[in-house]
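These notes concern the structure reproduced below.
This is a predicted model, so every value here is computed, not measured.
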Amino acid sequence: FNRVIDGLFRYLNNNLFAKMNDWQEVLARIAVGRIIGNPEALKQSLMANGIVRTFAIFDSEGNVDLENLARDLKREIERKGKITVEIPIIGKLSFVASDIDDIYREITGGVL
């Protein structure tokens, strides 16, 4: 789980924060820092979340099923072409399938 969090933060640092204006970056870094500041509490909260359990993101030992999750996400983004989410103050963020490869590489050091 910590490896996933660290990899996601590296991805954000290398790919998203740099594209934001100063105010957006400061707010995003504060928000991310608050979320990942206590990894064990975050993990327990996610594992107890009904939606997260429905998508079987964690296995019975509390490990993230990263490879299958990444493959599923990449497949669905490829099907749509891209996905866009809008976060208040930060704005719209769009992701294409290759972003999933980049995130996976940041987390594992390997290729999906």
*asked:* When you compare the side chains of Glu106 and Asn15, does any donor N or O come within less than 3.5 Å of an acceptor on the partner?
replied: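 Their side chains do not contain a donor-acceptor pair, so the 3.5 Å distance test is not met.
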From [atom1] ([X]) to [atom2] ([Y]), nearest 0.5 Å:
X	Y	atom1	atom2	result
Glu67	Thr108	CD	OG1	8.5 Å
Leu16	Glu25	CG	CD	10.5 Å
Gln44	Leu46	CD	CG	9.5 Å
Glu76	Asp72	CD	CG	7.5 Å
Leu8	Arg3	CG	CZ	12.0 Å
Leu27	Ile87	CG	CD1	11.5 Å

Taking [X] for the side chain and [Y] for the main chain, is one N or O donor matched with an acceptor at less than 3.5 Å?
X	Y	value
Asp59	Asn63	yes
Ser45	Ala41	no
Glu86	Lys92	no

*Show your reasoning for whether side chain to side chain contact (heavy atoms under 4.5 Å, CB included) applies to Ile107 and Val4.*
CA-CA 5 Å; Ile107 295 169; Val4 171; 4.1 Å; yes
Could you see if [X] belongs to whatever hydrophobic cluster contains [Y]? Use Ile, Leu, Val, Met, Phe, Trp, Tyr and a side-chain cutoff under 4.5 Å.
X	Y	value
Ile36	Val26	no
Ile51	Ile35	yes
Met47	Phe1	yes
Ile100	Phe9	yes
Ile30	Tyr11	no

Please find the pair of heavy atoms, one from [X] and one from [Y], that lie closest to each other, and give the distance.
X	Y	answer
Ala97	Ile77	N-CG2, 3.4 Å
Pro39	Asn2	CB-OD1, 3.3 Å
Asp99	Ser94	OD2-O, 4.0 Å
Lys82	Val96	CB-CG1, 3.8 Å

*asked:* Quick one, Asn13 and Arg29 - any side-chain contact, counting heavy atoms below 4.5 Å?
replied: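 The answer is yes, as the side chains (C-beta and beyond) meet within the 4.5 Å cut-off.
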*Any chance CG of Asp22 has more than 12 other-residue heavy atoms, nucleotides or ligands included, within less than 6.0 Å?*
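It does not: Asp22 CG has 12 such atoms or fewer within range.
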*Does the side chain to side chain contact (heavy atoms under 4.5 Å, CB included) test come out yes or no for Phe95 and Leu73, once each step is laid out?*
CA-CA 11 Å; Phe95 298 91; Leu73 190 54; over 6 Å; no
